[in-house]
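Structure record follows, encoded as C-alpha cells.
The sequence lines fix the lettering, A, B, ..., with proteins before strands; numbering per chain opens at 1.
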2 protein chains.
Amino acid sequence: MELASVGALFMFRGNHPTRVDEKGRLKVPAEFKRVIDEKYGQQFYITSLDGKVAQVYPFEEWERIEQKLAGLSNFNPTKKKFLDRTNYYGQQVEMDGQGRLLLPQLLRESGQIKGEVAVLGNLTYLVVRNLELFKREIEEEKFTPEDEKTLDELGI
Amino acid sequence: MELASVGALFMFRGNHPTRVDEKGRLKVPAEFKRVIDEKYGQQFYITSLDGKVAQVYPFEEWERIEQKLAGLSNFNPTKKKFLDRTNYYGQQVEMDGQGRLLLPQLLRESGQIKGEVAVLGNLTYLVVRNLELFKREIEEEKFTPEDEKTLDELGI
DNA sequence: AAGATGTGGGAGAAAGTGGTTGAAAGTGGC
DNA sequence: GCCACTTTCAACCACTTTCTCCCACATCTT
C-alpha cells in the first residue's frame with residue numbers, strides 16, 4: 001500500500017500497533033518510513049509534553065517549532081513551560097540501519113512506552129503510546145451531547 | 001550519532017540525565033561534547049542567576065555576553081544585579097582529559113547539583129540541574145487555557 | 001517462493017567511573 | 001618574613017559498564 005500524498009495536509013495518519021523491544025528500540029512502521037525516506041533525513045527529535053505520550057518529530061519539523069518559539073520573549077511563561085517539558089523529555093536520535101529509533105529512557109519509564117505500543121500519525125509528527133493505556137483511555141472517554149453537536153455542525 | 005547543526009538557532013537541545021560524582025565532577029554527555037569539540041575550546045564559564053540551576057557556557061559564548069554588557073553604563077542597575085549574581089556563583093573551569101567539569105562548590109550546594117542531574121541544551125549554553133527538583137517543578141507547572149491558546153496561535 | 005518487513009542478540013567500541021599520585025595552595029611556627 | 005609541613009585539589013591512568021552497530025534469523029505479504 002502507499003500513503004496518499006494528494007495535497008497532503010496530513011503527513012502521517014492512522015494507527016500501527018507495534019512493539020518496543022527490550023532495548024527500548026521502536027521499529028518505525030514501514031508506511032511511515034516510506035514518507036520519512038522520501039521527505040526527511042535520518043534525524044529525529046523525540047519528546048513529550050505530558051510524559052505519557054512520546055512525540056516523534058522528523059528533525060526538520062522540530063526546527064520549525066523552534067523557529068516559531070524563537071519569536072516569543074524568553075520570559076513568556078508559555079514558552080518557558082513548553083521548553084521545560086520538551087527539554088526534560090527530549091532527545092535527538094538517529095534511525096539505525098534497521099529503521100529503528102531508540103526511545104529516551106526517561107520517556108519509556110514515565111509513559112510506560114514499552115512492550116505493545118501504538119504508533120499514530122498526527123500531522124507532521126508521530127505519537128507513540130502504550131497500547132493498553134491508550135485502550136483504557138478510549139473506553140473511559142464518552143461522547144457528550146456537546147461533542148455530538150460540534151460534530152453535527154462540522155457535518156461529520 | 002551526529003548532532004545536526006542545520007542553521008542552528010539552538011546549539012544544544014534535549015536532556016541527558018547523568019550524575020555528578022562525589023568530587024563534584026560533571027561528565028559532559030557525549031552528544032554535547034561532540035558539538036563542543038567541533039566548535040569551542042576546553043574553557044568554560046559556569047555560573048547561575050538564581051543559584052538553583054547551573055549555566056555552563058563555552059567560554060567564547062560567555063565573552064559575547066560580556067561584550068553585550070559592556071554596552072551598558074556601569075551604573076545601570078540591571079547590569080549591576082546581573083554581574084553581582086553571575087560573579088557570586090561564577091567560576092572559569094577547564095574540561096579534564098575525561099571530558100568532566102568541576103562544578104563550583106557554591107552552586108553544588110545552593111542548587112543541590114549533585115547525584116542525579118539533568119544536563120539540558122539551551123541555545124548557546126548548557127543547563128545543569130538536580131533531576132528530582134526539575135521533575136517536581138514540571139509536575140507543578142500546569143498548562144492553563146491561556147497557554148493552550150498561545151500555542152494554538154503559533155500552530156504548535 | 002521470494003522479497004520485504006520485523007526481531008533478537010552479540011561483539012566491539014565508546015562512554016562513564018573511581019581511584020591514586022603529584023603538585024600547588026594554604027597554614028602555622030620559628 | 002621565610003621555611004616547612006599539611007591538606008586540598010586537579011590531572012592522569014586504568015577499569016567497568018553501556019550502547020551502538022551490524023549480522024542473522026523469523027515472519028509476513030504479494
Side-chain angles (χ1 to χ4, degrees), chain A residues 1-3 12 14-38 41-46 56 59 90-109 113-121 126 128 131, chain B residues 1-4 12 14-38 41-46 54 56 59 90-109 113-121 126 128 131:
Chain A
M1 192 198 322
E2 211 173 290
L3 287 193
F12 305 111
N15 179 1
H16 289 265
T18 182
R19 43 176 291 115
V20 172
D21 71 18
E22 286 301 311
K23 290 182 177 179
R25 296 178 299 190
L26 171 82
K27 183 80 170 100
V28 177
E31 288 199 12
F32 291 144
K33 187 158 186 301
R34 266 189 285 275
V35 177
I36 288 162
D37 286 344
E38 182 182 321
Q42 302 298 300
Q43 299 290 328
F44 292 81
Y45 191 69
I46 304 183
V56 180
F59 194 70
Q91 258 177 35
Q92 187 174 344
V93 303
E94 192 175 347
M95 200 158 47
D96 75 9
Q98 277 74 250
R100 290 178 289 201
L101 293 172
L102 183 67
L103 299 175
Q105 187 162 4
L106 218 54
L107 212 39
R108 274 184 270 153
E109 289 166 3
I113 304 174
K114 45 192 166 187
E116 302 296 324
V117 298
V119 183
L120 307 157
L126 300 177
V128 186
L131 192 56
Chain B
M1 192 194 321
E2 212 172 286
L3 288 191
F12 305 109
N15 180 0
H16 289 266
T18 184
R19 42 176 293 114
V20 172
D21 70 17
E22 286 301 311
K23 290 182 178 178
R25 297 179 298 191
L26 170 82
K27 182 86 169 94
V28 177
E31 290 207 14
F32 292 144
K33 186 159 185 301
R34 265 189 283 275
V35 177
I36 289 163
D37 286 345
E38 183 182 319
Q42 302 297 300
Q43 298 293 326
F44 292 82
Y45 190 68
I46 304 183
V56 180
F59 196 69
Q91 257 175 34
Q92 184 174 347
V93 302
E94 192 175 347
M95 199 158 48
D96 75 10
Q98 277 72 249
R100 291 179 290 201
L101 294 172
L102 182 67
L103 298 175
Q105 187 161 5
L106 214 54
L107 261 177
R108 273 183 270 153
E109 289 166 3
I113 304 173
K114 45 191 165 186
E116 302 295 325
V117 298
V119 183
L120 306 157
L126 300 177
V128 186
L131 190 58

When rounded to whole Å, the CZ to P distance for the pair A/Arg34 and D/dT29 reads 13 Å
Output the rounded distance in Å from CG (B/Leu103) to C1' (D/dC9).
15 Å
Would you please name every residue forming a side chain to side chain donor-acceptor pair (under 3.5 Å) with B/Gln98, sequence neighbours left out?
none
Between C/dG19 (P) and B/Asp96 (CG): distance, integer Å
16 Å
The salt bridge (Lys or Arg N to Asp or Glu O under 4.0 Å) partners of B/Lys33 (sequence neighbours excluded) come to B/Asp37
Roughly how far, to the nearest 0.5 Å, is the CG atom of B/Leu26 from the CD1 atom of B/Ile113?
9.5 Å
Integer-rounded Å distance: D/dA10 C1' and B/Asp21 CG
12 Å
Quick one: salt bridge (Lys or Arg N to Asp or Glu O under 4.0 Å) partners of B/Glu94, sequence neighbours excluded?
none
Value in whole Å for how far the P atom of C/dT17 lies from CZ of B/Arg19:
7 Å
Check nucleotides 9-13 of chain C against the protein and report each pair of N or O atoms closer than 3.5 Å, with its distance, or say if there are none.
{"unit_1": "C/dG9", "atom_1": "O6", "unit_2": "A/Arg25", "atom_2": "NH1", "d": "2.8"}
{"unit_1": "C/dG9", "atom_1": "O6", "unit_2": "A/Arg25", "atom_2": "NH2", "d": "3.2"}
{"unit_1": "C/dG10", "atom_1": "O6", "unit_2": "A/Lys23", "atom_2": "NZ", "d": "2.0"}

Which residues pass the salt bridge (Lys or Arg N to Asp or Glu O under 4.0 Å) test with B/Glu116, not counting sequence neighbours?
B/Arg19
Mind checking ring-ring contact (aromatic ring centres under 6.0 Å, His included) for A/Phe44 and listing every partner two or more places apart, or none if nothing turns up?
none
Length of the line joining B/Leu102:CG and D/dT8:C1', which is rounded to integer Å:
12 Å
From the set C/dA15, D/dA10, C/dT7, return the single nucleotide nearest to any side-chain atom of A/Thr18.
C/dT7
d(CD, B/Glu94; P, D/dC12) in whole Å:
9 Å
Interatomic distance, B/Lys33 NZ vs C/dA14 P [rounded to whole Å]
13 Å
